[in-house]
There are 2 protein chains.
Amino acid sequence: MLTERQLYILKAIVDDYITNAEPVGSRTISKRQDINFSPATIRNEMSDLEEMGFLEKPHSSAGRIPSQKGYRYYVDHLLSPMQLSSRDVTDIRSQLAEKFQESEQVIQQSAKILSQLTSYTSIVLGPEVFESKLQQIQLIPISATQAVIIIVTDSGHVENQTVYFPENVSGSDVEKVVNILNDRLRGVPIYQLQQKLSQEIASVFKKYVSKYETMLTALREVFQDHQQEKVYYGGKTNILSQPEFNDVERVRNILNIFEEDALVSKLIRSEDQGLTIRIGEENDFKPFEDLSLVTATYTLDGKYVGTIGLLGPTRMEYPRVISLMEYFSRDMSDLLDRKNKN
Amino acid sequence: MLTERQLYILKAIVDDYITNAEPVGSRTISKRQDINFSPATIRNEMSDLEEMGFLEKPHSSAGRIPSQKGYRYYVDHLLSPMQLSSRDVTDIRSQLAEKFQESEQVIQQSAKILSQLTSYTSIVLGPEVFESKLQQIQLIPISATQAVIIIVTDSGHVENQTVYFPENVSGSDVEKVVNILNDRLRGVPIYQLQQKLSQEIASVFKKYVSKYETMLTALREVFQDHQQEKVYYGGKTNILSQPEFNDVERVRNILNIFEEDALVSKLIRSEDQGLTIRIGEENDFKPFEDLSLVTATYTLDGKYVGTIGLLGPTRMEYPRVISLMEYFSRDMSDLLDRKNKN
DNA sequence: TGTTAGCACTCTTAATCAACGAGTGCTAAA
DNA sequence: TTTAGCACTCGTTGATTAAGAGTGCTAACA
């Protein structure tokens, strides 16, 4: 229902607004090399596009800016995904290659690079612990009533926590407990630990361990805590450099959200494999109503482990961002797979 | 060299400016209950105080604001440390008491409370790992060439890192290594680990472990990393609510500093036991030139373990902040001591 | 019938100006 | 020594104006 020319003009406007952050006038468009119509013609088309809801006017004598619907249409139909420059690619390669030690570092580094390349804020959800399985449990006594419990997963992730025993527990009891746990729980997904503990382990403890209730409650607490996903940020303050965010109060609100990992995690998370783009109000979250969020998932052995996200103004460099996100989504997965095979 | 009255007036001006963030005029001061001089008299005194460098004028027809020197004098001689309200105390008590599990949580929670009570930004340096001693080392194989090494200190702190062995290492070798390390290194301060490794352990390895060089380089890397202090923040964005920070660019600069823990750590750190107040340029750091930083140390068993800091505008509620910091400095030390004795 | 030149109109932005008021500094009197 | 009085300074506020960018409409053109 949109004519060829309208498509062309809409694209031109969005492109222009994305780079200049200023309402686009008819003359600006008509001056372009690839367009051979007078401003008046463009104006007529713009007027139509506005009527259809793709454009809006900040005020009657400004140019047009894309509406939310305009961005959406642009993203869905108009946008030509930009080829990543070879400089970008080598940049990424070199920066990711050097840090190759721990999965966690790969993720952190990715967040950083992503934010540097875009000057938006990147948010990466770390591998969910509960997707991975228990490799080993260690209990290291610090004092008579205090020990550190360490949980190592098959992906090499380590969680630790201090436990307090209300009454003294003998060294041999601790040893027994560790043995039992390792025997029975190796290979069990982290999120099932607590359940297994109550159902299977409790009775075994009862048989062999003298102060089994003390141990049990202590362990229960520990398993409770480790079900959350980690959140990594890159360029938290990048968003402040966007001209649309010169109001300190607005900025403060957004920055405060970043402090609440649980909330962010919920916002970013996306079940869909592949790329997701949420524009403005599509985020369904008031403080993000003029922000766009592009997310992609990354995998390990084909299974979902986390999400990478990029948060910027609705006026976002979609073509570039999309290419970048696709690249990262693939590259991180590869990297993690390779690390995993080591 | 300052008369009684001048002291009084200087204090009144600083107090007023601290609460209202606006230049203080002579009339405002003379209206105060406790002052019985006409505006003209006050003006004369103000003029003198300005000449001496304690006050300055934003422009000729505004009131006066304290100069850096003014704040300094106020802090050193004028300020009456405010009694903490009993509400504050109970607030703190209740919020610190509930979270009592891990040292790290105590610190984190302290940072949070401190920022909430003041609406400044709190920065707390975590216990320096290298003050504590090695309790136990664990090496947990994940795959043939990959293991997780876990370092537990006597304070219950856990550090972990993944190590890669370039060539396969046998299980018995790993076991030997762990035994040797635990035998020889228990009780050694963390910061000495690397040194000891090269000096003493290397030769032992050579004797008993087949691929000892592989192990050695892997371990060396691990010990390298764990010498930094952790930095905890509370209310990172609180500073944005101060009226003097309505310029996004300024804010961005400060916020960016918070992302670099090493730098912050260096800035906050203070060797002096007790309270330190650095006003504006005394921080010797450009981006902090109109910020004040109040720091105090906290201890464990009488020994320095970390620093708590509060960062706000030079126009800071010094009386309140000082009391709070003193309180926290004591309370955190107590808390940690008690935890340590458990 | 689609395109475009022309022009009146709208609305923002920047600049200028005057009035206001908060505050100072000085002088002279108490 | 203190203070009343007053002229002066300077930032703030609001109004007014001019400039400029852009639109929308009409009428002419191909």
Seminar exercise, completed: Note: contacts of residues 14-35 of chain B with DNA chain C (heavy atom, under 4.0 Å) are G25(B), S26(B)
Seminar exercise, completed: Note: G53(A) and K69(A) closest approach over all heavy atoms is O-CB, 3.5 Å
Exercise. E45(A) has an atom CD; how far is it from atom P of dT3(C), in whole Å?
Worked result: 8 Å
For this session: Return no unless some side-chain N or O of R5(A) is found under 4.0 Å from OP1 or OP2 of dG2(C).
Result: no
Exercise. Does any non-hydrogen side-chain atom of I35(B) lie less than 4.5 Å from one of I42(B)?
Worked result: yes
For this session: Look at K57(A) and dA21(D) and indicate whether a side-chain polar atom (N or O) is within less than 4.0 Å of OP1 or OP2.
Result: no
Seminar exercise, completed: Nearest heavy-atom approach of I257(A) to P287(A) is CD1-CB, 3.4 Å
Exercise. Is atom CD of Q83(A) surrounded by more than 12 heavy atoms (other residues, nucleotides or ligands) closer than 6.0 Å?
Worked result: no
Exercise. Is the shortest distance from a Lys or Arg side-chain nitrogen in R315(A) or E244(A) to a carboxylate oxygen in the other one below 4.0 Å?
Worked result: yes
Problem set entry | Euclidean distance, atom CG of residue N36(B) to atom C1' of dT1(D) [Å, nearest integer] | 16 Å
Exercise. Which class fits the ring pair H77(A) and Y73(A): parallel under 30°, tilted 30 to 60°, perpendicular over 60°?
Worked result: tilted
Problem set entry | Check against side-chain contact (heavy atoms from CB on, under 4.5 Å), Y120(B) and N238(B) | CA-CA 5 Å; Y120(B) 305 133; N238(B) 277 3; 5.6 Å; no
Please tabulate, one pair per line, each protein N/O and nucleotide N/O from nucleotides 25-30 of chain D that are separated by under 3.5 Å, including the distance.
none

Problem set entry | I9(B) CD1 to dG23(C) C1', straight-line distance once rounded to whole Å | 16 Å
Exercise. Do T237(A) and N256(B) have a side chain donor and acceptor closer than 3.5 Å?
Worked result: yes
For this session: State whether T41(B) places a side-chain N or O below 4.0 Å from either non-bridging phosphate oxygen (OP1 or OP2) of dT3(D).
Result: yes
What protein N or O atoms touch nucleotides 10-15 of chain C N or O atoms at under 3.5 angstrom, if any, and at what distances?
unit_1: dT10(C); atom_1: O3'; unit_2: S60(A); atom_2: OG; d: 3.2
unit_1: dT10(C); atom_1: O2; unit_2: S61(A); atom_2: OG; d: 3.3
unit_1: dC11(C); atom_1: O4'; unit_2: S61(A); atom_2: OG; d: 3.3
unit_1: dC11(C); atom_1: O2; unit_2: S61(A); atom_2: OG; d: 2.9

Exercise. What residues, two or more places apart in sequence or in another chain, satisfy salt bridge (Lys or Arg N to Asp or Glu O under 4.0 Å) together with R43(A)?
Worked result: none
Exercise. Just checking, is any N or O donor in the side chain of Y8(A) or D34(A) under 3.5 Å from an acceptor N or O on the other one?
Worked result: yes
Problem set entry | Rounded distance (Å) that lies between atom C1' of dG2(C) and atom CD of E4(A) | 17 Å
Please enumerate all protein N or O atoms sitting under 3.5 Å from an N or O of nucleotides 28-30 of chain C, with distances to 0.1 Å.
none

For this session: Could you check how far CZ of F37(A) sits from C1' of dG2(C), rounded to whole Å?
Result: 10 Å
Problem set entry | Whole-Å distance separating the CE atom of M46(A) from the P atom of dT3(C) | 16 Å
Problem set entry | Length of the line joining R64(B):CZ and dA22(C):P, which is rounded to integer Å | 17 Å
Exercise. Is K236(B) paired with E259(B) through a side-chain N to carboxylate O contact shorter than 4.0 Å?
Worked result: yes
Exercise. Do the charged groups of D290(A) and R250(A) touch, with an N to O distance under 4.0 Å?
Worked result: yes
For this session: Taking atom types as modelled, find out whether Y318(B) and S292(B) have a side-chain donor-acceptor pair closer than 3.5 angstrom.
Result: yes
Exercise. Can you pull the salt bridge (charged side-chain N to carboxylate O under 4.0 Å, His left out) pairs that have at least one residue in residues 19-31 of chain A, sequence neighbours excluded?
Worked result: none
Exercise. Between atom CG in D48(B) and atom P in dT2(D), what is the gap in whole Å?
Worked result: 12 Å
